[in-house]
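What follows is one structure encoded as structure tokens, with my remarks underneath.
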Amino acid sequence: LLLGACNREVAQPAPTTPAESPATSAVPAASPALAAAREMPGSFDQLVPGTDFELIEAAPGNQRGPIAVVEAFSYACSHCADFEPFLAPWVAALPADVSFEAVPMPFNDVWTEFARAHYAALDLGAGERTHRAIFEALHSRGLRIDSADALVRWFADAAAVDADAFRRAMDAPGTDARIEGARSRAERWGINSTPTLVIDGRYRVYGFGEAQGGYARTLAVADLLIAEARKTRA
């Protein structure tokens with residue numbers, strides 16, 4: 001298990017407190033000592049399979065359409081909260097031939113409720129303005145939003161959505177189908193921790209701990225894997 005990830009087997013059933021996981025509001029600056037601990041890779045050939053990334057078995061061949069980047073995450077994961085300030089500007093700067101999707105992992109009952117809330121927020125047009133806010137509510141402010149009722153109340157207050165409509169969206173058959181789809185992808189891609197990035201269905205990249213280069217390294221590796229996927233397709 002990398003130090004910058006929440007492991008599936010030890011995922012906490014309730015969000016952590018601020019003392020356990022202080023979510024940052026800006027991208028933290030790496031200390032010179034940590035930066036020197038491991039140089040950032042400059043090419044795909046410098047990456048070490050099994051260390052920098054893992055090749056997904058039965059990965060697809062050349063595909064058409066955008067190069068898909070999927071983030072496996074959970075609002076309950078403190079490491080995902082720490083990753084978000086790095087990830088958001090990186091996603092905003094992705095080139096036109098790359099798509100991005102955040103997929104919530106239903107690793108346990110509580111994480112499944114967070115996944116339902118994520119999809120309900122998207123369906124009601126509140127996903128973009130609440131994605132960062134719920135991380136901060138859970139991991140900076142230490143709010144206990146760990147049940148369906150608590151999630152409905154929080155989204156109704158934070159996003160001014162109708163509580164009954166939000167509950168219906170959480171319980172909708174389409175939401176059930178997306179939850180099952182997330183489980184299927186987690187199994188197919190071998191996702192056992194969050195945050196994890198899956199690049200083009202071919203490569204799995206975990207959240208690195210600070211001694212390994214931190215989340216800046218995660219995204220540097222992802223950039224190189226995107227470039228390699230693009231070259232492979234060409």
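All heavy atoms count here, side chains included; hydrogens, waters and symmetry mates do not. Throughout, residue positions are numbered sequentially from 1 according to the sequence presented.
Put simply, the side chain of Arg233 gets close to the backbone of Gly65: a donor and an acceptor are under 3.5 Å apart. Under the 3.5 Å distance criterion, the side-chain polar atoms of Thr112 are matched with a main-chain donor or acceptor of Asn108. Counting only distance, with no hydrogens or angles, the side chain of Asp52 and the backbone of Val48 share a donor-acceptor pair below 3.5 Å. Side-chain atoms of Glu136 do not come within 3.5 Å of backbone N or O of Ala133 as any donor-acceptor pair.
The shortest side-chain heavy-atom distance between Arg230 and Pro95 falls under the 4.5 Å cut-off. Counting heavy atoms from C-beta on, the side chains of Thr194 and Cys77 come closer than 4.5 Å. Using a 4.5 Å heavy-atom cutoff, the side chains of Ile134 and Thr130 are not in contact. Here the side chains of Thr196 and Val205 are not in contact, with every heavy-atom distance at 4.5 Å or above. Inter-residue side-chain proximity for Phe107 and Asn192 is flagged as unmet; no heavy-atom pair is nearer than 4.5 Å. Residues Glu84 and Cys80 have side chains not in contact (no heavy-atom distance under 4.5 Å, counting atoms from C-beta outward). Side chains of Trp154 and Leu143 form a contact here, defined as non-hydrogen atoms less than 4.5 Å apart. Contact of the Phe83 side chain with the Glu71 side chain is registered, since non-hydrogen atoms from C-beta on lie closer than 4.5 Å.
Nearest heavy atom pair, residue Pro85 against residue Asp82, reads CD-O, 3.2 Å. The nearest pair of heavy atoms linking Ala222 to Trp90 is CB-CZ2, 3.8 Å. Nearest heavy-atom pair, Pro104 versus Ala182, reported as atom, atom and distance to 0.1 Å: O-CB, 3.6 Å. The heavy-atom pair separating His79 from Pro195 by the smallest distance is CB-CD, 3.8 Å. The nearest pair of heavy atoms linking Ala121 to Phe155 is CB-CE2, 3.7 Å. Taking every heavy atom of both residues into account, Trp111 and Ala76 meet most closely at NE1-CB, 3.4 Å.
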Test side-chain contact (heavy atoms from CB on, under 4.5 Å) on Glu101 and Arg185 and set out the steps.
CA-CA 12 Å; Glu101 181 186 6; Arg185 284 195 273 185; 3.1 Å; yes
Under the side-chain contact (heavy atoms from CB on, under 4.5 Å) rule, what do Tyr119 and Met170 come out as? Steps first, then yes or no, please.
CA-CA 7 Å; Tyr119 288 125; Met170 285 183 68; over 6 Å; no
For Asp200 and Ile226: C-alpha separation, side-chain torsions, deciding distance, then whether side-chain contact (heavy atoms from CB on, under 4.5 Å) applies.
CA-CA 8 Å; Asp200 204 31; Ile226 289 170; over 6 Å; no
Before you tell me yes or no, could you show the steps for Ser184 and Trp189 under side-chain contact (heavy atoms from CB on, under 4.5 Å), namely the whole-Å CA-CA distance, both residues' side-chain angles and the distance that decides it to 0.1 Å?
CA-CA 9 Å; Ser184 176; Trp189 292 333; over 6 Å; no
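In this model, no donor atom of one side chain and acceptor atom of the other lie less than 3.5 Å apart for Tyr203 and Glu228.
Ion pair Arg217/Glu210 not flagged as a salt bridge, since none of the NZ, NE, NH1 or NH2 atoms sits closer than 4.0 Å to an Asp/Glu carboxylate oxygen. Note on Glu187 versus Arg183: no salt bridge recorded, every NZ/NE/NH1/NH2 to OD/OE distance being 4.0 Å or above. A salt bridge between Asp123 and Arg178 is present, with a side-chain N of the basic residue lying under 4.0 Å from a carboxylate O of the acidic one. For the pair Asp176 and Arg116, the salt-bridge criterion is met [side-chain N within less than 4.0 Å of a carboxylate O].
A distance of 6.5 Å separates OG of Ser74 from CZ of Phe114, quoted to the nearest 0.5 Å. Separating the NE2 atom in His118 from the CD atom in Glu113 is a distance of 14.5 Å, to the nearest 0.5 Å. The CD1 atom of Ile67 lies 10.5 Å from the CG atom of Leu225; values are rounded to the nearest 0.5 Å. To the nearest 0.5 Å, the span separating CZ on Arg202 from CZ on Phe53 amounts to 12.0 Å. The line from CG of Leu197 to CZ of Arg204 is 12.0 Å long, rounded to the nearest 0.5 Å. In this structure, Asp223 CG and Ile199 CD1 are separated by 8.5 Å, a value rounded to the nearest 0.5 Å.
His131 and Phe135 have their aromatic ring centers within a separation under 6.0 angstrom. Ring centroid separation for the pair Phe208 and Tyr215 does not come in under the 6.0 Å cut-off. Taking the six-membered ring for Trp and the full ring otherwise, His139 and Tyr75 have centroids separated by 6.0 Å or more.
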